[in-house]
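In what follows, a single structure is set out as structure tokens and then discussed.
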Amino acid sequence: MAETPEAVTIEDVYAARERIAGAVRVTPLWPIGSLSQIAGVPVLLKCEQLQRGGSFKFRGASNMLGSLEARPAGVVAASAGNHAQGVALAASERGIPSTVVMPVNAPLAKQAATRAYGAEVVLLDGSLEACIARARELAAESGLLFVPPFDNPAVVAGQGTLGLELLEQAPEAETVLVPAGGGGLLAGVALAIKSLKPEVRVVGVQAQAMPGIAASLGSGSALAVPLVQTLADGAAVAGPSDLTFELIRRYVDDVVTVPEPDIEHAMVLLIERAKFVVEGAGALGVAALLANAVELSGPVAVVLSGGNVDINLLGRIVERGLTGAGRRRLVTFAAAHAPGELARISAIIAGSRANVIQVEHRLTGDNQPIGVVLITFHLDVAGEAGFGELSAALEEAGMRPGAPGSGADFVTPNAQALPW
């Protein structure tokens, strides 16, 4: 049976901070002007992606293991990545063997980091909930200690230490945005903040793909939602536990959800404007600002909960993010297959301050006349305004829009005389 909410108090959070002070970093609070302009209020980023282990999870794992009266023979955990690393690091520092059950599709970077911290990784083809069930079985079979990702008072109290830090660093904050999956971080931070400054508004942020907490609040009891792929893999949890749900219902003002494109946009913006590499779950609060999902009336503190993102995935996200923001464009020209055509098109593009990334030629295709070549430019442009400037320059140079279904966005003057 899950612990009752009364098992976690502000005194537990203060005790956790004292217990883990020698191991856990006090992560910085970072003002960001570009987001402040977008939000219309000062925005401060709580940089927990710089925590040891790459996320807030090290706080809860350190507190739980540090609060044990006797050293266990070993620990077992289940995680999509961040909790795995937090447990592995906390256990290794205490000389405790660790085993972590992870979904087979967990990011490779998180699998590798977990092993690097000394854990044995067991991959399971199933959801996080299936991994938790298997981890509990392994613990029972081997007489080891199971370290839950969020359904434990010591874990919640450890995560709550982030709330204490945030209040000290940003006493002017009127709203705090916290990423949420199973609710351990949200519950702990909200408990800490509301116990000391009840006037501060605490808002949880989830991915629309996995809105377990939001759905639970709507139904009035803790429930699970189906597993769906999301960029916020670190928060891809079916729902809260009874413990975290009751704490969230008591202390959290609101829980909002954000779509995948806004998560992508948030990750790209943080890289480009703040120079921060933040994973999808860690960027949920920033995504909420970009989606206008939260009403803001004063300074807002946004928790960046983790930075453990697969580099290969990051490259694809950056590409998609630039495309979604209108800064990466593909433009295809129907041109005469003759000398000088490519140079003329390139000169117009250069004059419009667009940057060519790649050029593709196609000489043959369905309904493509002999003598016509399709030239596709992969371009970096300055958003919608930059593309509008380029389109105007192309039309001024005599290029007309391609006919629907032709495969061409523009037809050059020399190609217009051909049977196109």
Side-chain angles (χ1 to χ4, degrees), residues 29 32 35-36 38-39 41 43-49 55-57 80 82 149-150 159-160 162-163 166 170 173-194 200-218 225 228 230-240 244-245 247-249 251-270 274 276 278-307 309 317:
L29 192 76
I32 177 166
L35 265 178
S36 299
I38 293 171
V41 296
V43 176
L44 304 164
L45 303 178
K46 177 60 172 168
C47 301
E48 195 65 7
Q49 82 279 11
S55 85
F56 72 96
K57 289 289 191 177
N82 286 339
F150 51 85
Q159 319 304 25
L162 188 152
L166 201 154
E174 296 183 14
T175 303
V176 177
L177 303 184
V178 186
L185 177 65
L186 178 59
V189 169
L191 183 156
I193 291 176
K194 289 293 189 177
V200 175
R201 190 162 176 253
V202 179
V203 178
V205 185
Q206 293 200 282
Q208 280 184 1
M210 293 289 291
I213 295 173
S216 297
L217 291 172
V225 297
V228 177
T230 170
L231 281 174
D233 59 273
V237 180
T244 58
F245 176 71
L247 288 169
I248 290 168
R249 185 160 62 174
Y251 293 110
V252 175
D253 294 284
D254 196 9
V255 174
V256 300
T257 64
V258 292
E260 298 295 298
D262 286 308
I263 301 174
E264 288 183 13
H265 187 188
M267 294 175 71
V268 174
L269 184 147
L270 286 166
F276 291 154
V278 179
E279 63 185 285
L284 285 171
V286 173
L289 293 181
L290 299 177
N292 294 314
V294 182
E295 292 186 10
L296 302 171
S297 59
V300 57
V302 182
V303 176
L304 305 180
S305 58
V309 59
I317 290 170

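Note that this is a predicted model, so its numbers are computed, not measured. Only this structure's heavy atoms are used, side chains among them; waters, hydrogens and symmetry mates stay out.
- Taking the side chain as every heavy atom from C-beta outward, Thr175 and Arg201 approach each other to under 4.5 Å.
- Residues Tyr251 and Val202 fail the side-chain proximity criterion, which asks for heavy atoms closer than 4.5 Å.
- Contact of the Val176 side chain with the Ile193 side chain is registered, since non-hydrogen atoms from C-beta on lie closer than 4.5 Å.
- Smallest separation of non-hydrogen atoms from Phe150 and Thr244: O-CG2, 3.8 Å.
- Under the side chain to side chain contact (heavy atoms under 4.5 Å, CB included) test applied with Lys46, the options Val178, Leu162, Val302 reduce to a single match, Leu162.
- Counting heavy atoms from C-beta on, the side chains of Leu269 and Leu290 come closer than 4.5 Å.
- When all heavy atoms of Ser297 and Val41 are compared, the closest pair comes out as C-CG1, 4.3 Å.
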Show the numbers, then the answer: is there a side chain to side chain contact (heavy atoms under 4.5 Å, CB included) between Leu44 and Val300?
CA-CA 6 Å; Leu44 304 164; Val300 57; over 6 Å; no
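- For the atom pair CG (Leu284) and CD1 (Ile263), the distance works out to 5.0 Å, reported to the nearest 0.5 Å.
- A distance of 9.0 Å separates SG of Cys47 from CG of Leu270, quoted to the nearest 0.5 Å.
- Taking each heavy atom of Leu185 and Gln159 in turn, the nearest pair found is CA-CB, 3.9 Å.
- Between Gln208 atom CD and Asp262 atom CG the span is 8.5 Å, to the nearest 0.5 Å.
- Atom CG of Leu217 sits about 5.0 Å away from atom CZ of Phe245, to the nearest 0.5 Å.
- Considering CG of Asp233 and CD of Glu279, their distance stands at 6.0 Å, rounded to 0.5 Å.
- Between Met210 and Val237 the shortest side-chain heavy-atom distance does not fall below 4.5 Å.
- Taking each heavy atom of Ala173 and Val200 in turn, the nearest pair found is O-CG2, 3.6 Å.
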Side chain to side chain contact (heavy atoms under 4.5 Å, CB included) between Met267 and Val309, worked out
CA-CA 10 Å; Met267 294 175 71; Val309 59; 4.1 Å; yes
Output, in order, the C-alpha distance, side-chain angles, deciding distance and verdict of side chain to side chain contact (heavy atoms under 4.5 Å, CB included) for Leu45 and Leu29.
CA-CA 5 Å; Leu45 303 178; Leu29 192 76; over 6 Å; no
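- Side chain of Lys194 to main chain of Asp253: no donor-acceptor pair is present (N/O by atom type, distance under 3.5 Å, no hydrogens or angles).
- With a 4.5 Å cut-off on side-chain heavy atoms, Leu231 and Ile317 count as touching.
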The test is side chain to side chain contact (heavy atoms under 4.5 Å, CB included); show your working for Leu166 and Val189 and say whether it passes.
CA-CA 9 Å; Leu166 201 154; Val189 169; 5.5 Å; no
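- Smallest separation of non-hydrogen atoms from Leu177 and Gly285: CD1-O, 3.5 Å.
- Side chains of Glu260 and Thr230: a donor-acceptor N/O pair is present below 3.5 angstrom, by distance only.
- For the atom pair Ile248 CD1 and Asp254 CG, the distance stands at 12.0 Å (nearest 0.5 Å).
- Listed here is the closest heavy atom pair of Pro179 and Ala281: CB-O, 3.3 Å.
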